[in-house]
Peer 1: 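One structure is given below, represented as structure tokens, and several questions about it will come after.
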Amino acid sequence: MIDLDSPRVMGVINTTPDSFSDGGRYLATGAALVHARKLIDEGADLIDIGGESTRPGARPVPVEEELERTIPVIEAVRRHSDIPVSIDTSKPEVMRAAAAAGASLINDVWALRRPGALEAAVESGLPVCLMHMQGEPGSMQDNPSYDDVVAEVETFLLQRAQAAMDAGIARDKIILDPGFGFGKTLDQNLELFRALPRLRSHGFPLLVGISRKSMIGAITGRDVDQRLAGSLAFAVLAAQRGADVIRVHDVAETRDALAIVRAVEETAQPLQE
Ligand code: 8Y7
């Protein structure tokens, strides 16, 4: 696996949901590959490829379409780079195909709760990222509600980790993620963010994804294409609170921000003359 001594940067590749025709699909794969190359050149430690939008209100994507969007991109990335590829999926068929195509991590926003997903993940032998989500993407932001958001997310994540281990996934192949924006209000997201050190205390690495999310818009008033500064602030704060993997769209900028964190936190060196 990857060294997690200092936080790693996961770059997000979005596969575009445009045309269903072969030509459109071919062009979309090419565009995703160009984007992947850019993020790799910018220094991503791993890249996340997903074929199903999990944005609030997004429509479900049939399995064939998800396979067509993701597998050719994984294969193409595999041909030109050694970078670990994460497959963002909740579907067992996609997990299997992605593993066969050379993926290195399963990133499941459903935390392996969909039928057959746990079994497929075990069979793949791959590490998994288990994310918390309240409700489902179509309606999760309608009225998120918790008695104690931190305790509930923590309990859920530990239960899913236990289910994964009971099914045969090794403890050191499990990453947890509080799922910022997935069935959470701004206040609930912020409460969870402050609790990152507590969520980290169970020994599982933490993945944090906040890049460009609406919680940044809610704080800054910025549209999605104007959220880089907010995203970097959250990346720095997440690193300081123990995040191990930071999932971002802007890899070069995030790496610079994390290099500053690292330089400041490094054990003081003797002065050189
Ligand atoms: C996350 C994620 C998204 C996240 C993990 C977006 C696929 C929404 N967000 N996976 N995926 N954590 N593990 O705005 O926060 O990027 S999609």
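For clarity, every value in this text was computed on a predicted model and none was experimentally measured. Each ligand, and each atom within it, is numbered from 1 in the order the structure gives.
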Peer 1: Just distances here: any N/O of Gly179 and N/O of ligand 1 closer than 3.5 Å?
Peer 2: no
Peer 1: Charged N to carboxylate O below 4.0 Å: is that the case for Glu154 and Arg198?
Peer 2: yes
Peer 1: Going by heavy-atom distance to atom 16 (O) of ligand 1, choose the closest among Met10, Arg247, Lys213, His132.
Peer 2: Arg247
Peer 1: Count the heavy atoms of every other residue, nucleotide or ligand shown that sit under 6.0 Å from CG of Asp82, and state whether that count exceeds 12.
Peer 2: no
Peer 1: Return the residue, atom name and 0.1 Å-rounded distance of the protein heavy atom closest to atom 10 (N) of ligand 1.
Peer 2: Asn107 ND2, 3.1 Å
Peer 1: Could an N or O of ligand 1 be found under 3.5 Å from any N or O of Asp48, whether backbone or side chain?
Peer 2: no
Peer 1: Take Phe193 and Phe234 through the test ring-ring contact (aromatic ring centres under 6.0 Å, His included) and record every step on the way to the result.
Peer 2: CA-CA 9 Å; Phe193 192 87; Phe234 268 123; 5.1 Å; yes
Peer 1: Among all protein non-hydrogen atoms, which one is nearest to atom 12 (N) of ligand 1, and what is the separation to 0.1 Å?
Peer 2: Asp177 OD2, 2.5 Å
Peer 1: As an exercise, identify every atom of ligand 1 less than 4.0 angstrom from a heavy atom of Met131.
Peer 2: 4 (C), 5 (C), 12 (N)
Peer 1: Is there a donor-acceptor pair under 3.5 Å between the side chain of Arg78 and the backbone N or O of Ser81?
Peer 2: yes
Peer 1: With a 4.0 Å cut-off, would you call Glu52 and Lys91 a salt bridge?
Peer 2: yes
Peer 1: From Gln134 CD over to His132 NE2, what is the distance, rounded to the nearest 0.5 angstrom?
Peer 2: 6.0 Å
Peer 1: Which atoms of ligand 1 are found less than 4.0 Å from any heavy atom of Gly209?
Peer 2: 15 (O)
Peer 1: Could you identify the single nearest non-hydrogen protein atom to atom 17 (S) of ligand 1 and state the distance to 0.1 Å?
Peer 2: Thr54 OG1, 3.2 Å
Peer 1: In plain terms, say whether Arg8 and Asp244 are close enough for a salt bridge, that is, a side-chain N and a carboxylate O under 4.0 Å apart.
Peer 2: no
Peer 1: Does Leu207 approach ligand 1 within less than 4.0 angstrom via side chain, backbone, both or neither, non-hydrogen atoms only?
Peer 2: side chain
Peer 1: Need the ligand 1 atom indices (1-based, order shown) with element for anything under 4.0 Å from a heavy-atom of Asp88.
Peer 2: 7 (C)
